Amino acid sequence: MHIRRRPSWELPESAATPESVYMSRRALLGAGAGLLGAVGLSAGAEAAGFLDALGLGGAKAPSGPAPGDPANDPTRDLYPARHNDAFTLERPITPEDISANYNNFYEFGSERSNYQIADVAAKMPRRPWTVKIDGLVEKEREVGIDDIIRAMPLEERLYRHRCVEAWSMAVPWTGFPVKELVAFAKPLSSAKFVRMETFMNPDVAAGQRRFTYPWPYVDGLTMAEATNDLAFFVTGVYGKPAPNQFGAPLRLAVPWKYGFKSVKSIVRISFVAEQPVGLWEKIQGREYGFWANVNPDVPHPRWSQATERDIGTGERRPTVIYNGYGEQVASLYAGMSGDKLFM
Ligand SMILES: Nc1nc2c(c(=O)[nH]1)N[C@H]1C(S)=C(S)[C@@H](COP(=O)(O)O)O[C@H]1N2
Ligand SMILES: [Mo]
């Protein structure tokens with residue numbers, strides 16, 4: 001029997017995470033894999049939950065000092081960074097204890113909430129960490145993350161984040177504009193896209209033992225998108241080095257696009273001529289495309305994108321085109337049209 005494993009976020013958040021679903025999933029745990037088919041699972045979240053329960057997703061972190069503890073981060077002296085007043089928000093910042101325990105990071109499992117991702121991700125060593133800069137650049141090189149962070153102008157920006165699952169948050173990221181790293185990388189004029197790749201380490205990231213996902217996680221931007229001032233590389237959050245579950249030590253934030261474009265824990269940045277194919281596009285290209293710009297009027301094939309739930313306040317609010325950043329980014333898409341831009 002073939003059981004297709006779907007990522008839970010193929011379901012809208014409202015359908016994927018109510019406590020009742022979570023509880024009934026737990027109640028069924030003992031029954032094992034055979035039950036997957038027996039209960040006629042159409043919900044991907046359910047299947048993913050079972051796989052986690054079978055030890056494929058992520059067990060509780062052992063107690064003891066976590067190698068990923070941001071309190072020991074070698075760049076902690078750089079925080080808090082200067083706040084950039086050009087990036088403020090009209091909505092309340094999501095409390096850290098909420099955003100830090102509600103994460104999509106499939107390398108560490110598929111249970112978005114209930115502290116699981118945070119606990120398991122904490123086992124990931126943050127150093128040594130290098131970033132390979134390669135492809136169409138003057139000179140390919142591999143740079144230590146601390147050398148990158150210390151060479152960049154760190155600042156704090158308040159950004160909205162809109163997941164394709166229809167939840168959102170408002171976060172004080174610390175980091176630097178992607179365009180600064182592009183300048184540092186010295187791409188050739190033949191480079192048309194920036195491709196970003198997450199680490200690959202199934203020993204600490206049990207989710208990467210699921211062969212049905214085409215690891216490592218990849219996504220990308222056009223050069224014009226990457227050099228737009230809004231495109232941001234995140235190194236910290238809430239005024240300190242980012243805890244691992246947010247994608248330490250280097251994570252993208254492109255707030256006008258759905259959250260899956262914002263690649264976490266980057267180890268490789270490649271300048272390429274061809275449009276990169278992201279992990280989710282590879283799995284389900286009809287639903288998760290390259291552009292993935294936020295648009296309330298273009299529904300996901302299986303749910304509406306008209307509104308979103310703010311995980312901080314619990315409020316449901318209307319979704320705004322380009323997640324409210326149209327003034328900064330709409331010109332990137334001038335002359336282009338069609339639904340493809342928005343999914
Ligand atoms: N490597 C990697 N990056 C990733 C993901 C992931 O599973 N793996 N999930 C994406 C999705 S779907 C979202 S919504 C955001 C979630 O970021 P947060 O956990 O900091 O809220 O990370 C994105 N980046
Ligand atoms: Mo997401």
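Atoms within each ligand, like the ligands themselves, are counted from 1 in listed order. Bear in mind the structure is a predicted one, so any value in this text is a computation, not a measurement.
There is no side-chain donor-acceptor pair under 3.5 Å between Y217 and Q208. Checking D310 against S168 by side-chain atom types alone, no donor-acceptor pair falls below 3.5 Å. Residues S99 and Y238 have side chains that bring a donor and an acceptor to within less than 3.5 angstrom of each other. Between the side chains of E142 and T130, at least one donor N or O lies within less than 3.5 Å of an accepting N or O. Under the 3.5 Å distance criterion, with hydrogens and angles disregarded, no donor-acceptor pair is assigned to the side chains of Q305 and H300.
Near C163, the atoms of ligand 1 lying under 4.0 angstrom from a non-hydrogen atom of the residue are 14 (S). Near N103, meaning under 4.0 Å from one of its heavy atoms, ligand 1 places the atoms 18 (P), 19 (O), 20 (O). Near T198, with a cut-off below 4.0 Å to any heavy atom, the atoms of ligand 1 are 1 (N). Near S262, meaning under 4.0 Å from any of its heavy atoms, are these atoms of ligand 1: 4 (C), 22 (O), 23 (C), 24 (N). Those atoms of ligand 1 that come under 4.0 Å of a heavy atom in F105, given as number and element, are 1 (N), 6 (C), 7 (O), 8 (N). Per-residue contacts place F260 under 4.0 angstrom from the following atoms of ligand 1 (heavy atoms of the residue considered): 10 (C), 11 (C), 12 (S).
Contact of the H83 side chain with the L158 side chain is registered, since non-hydrogen atoms from C-beta on lie closer than 4.5 Å. Side chains of E274 and R195 form no contact here, defined as non-hydrogen atoms less than 4.5 Å apart. Side-chain atoms of F108 and Q245, non-hydrogen and from C-beta on, never get closer than 4.5 Å to each other.
The side-chain hydrogen bond (donor to acceptor under 3.5 Å, both in side chains) check on E155 picks up R82, N84, R157, with sequence neighbours excluded.
Among Y106, Y102, Y258, the residue whose heavy atom lies closest to atom 7 (O) of ligand 1 is Y106. With distances taken over non-hydrogen atoms, the option nearest atom 8 (N) of ligand 1 out of H161, E107, Q245 is E107. Of the candidates A242, P243, A118, G259, it is G259 that places a heavy atom closest to atom 13 (C) of ligand 1. Considering F199, Y288, Y217 only, the shortest heavy-atom separation from atom 10 (C) of ligand 1 involves Y217.
For K261, the heavy-atom gap to ligand 1 stays at 4.0 angstrom or more. Heavy-atom separations between W167 and ligand 1 include at least one value shorter than 4.0 Å. Residue contact check for ligand 1: S265 places no non-hydrogen atom closer than 4.0 Å to it.
Geometrically, ligand 1 and K264 share a nitrogen or oxygen pair separated by less than 3.5 Å.
Annotation: cation-pi pair R160/Y325 present, NZ/CZ under 6.0 Å from the ring centroid and within 45° of its normal.
Heavy atoms from both the backbone and the side chain of N104 come within less than 4.0 Å of ligand 1.
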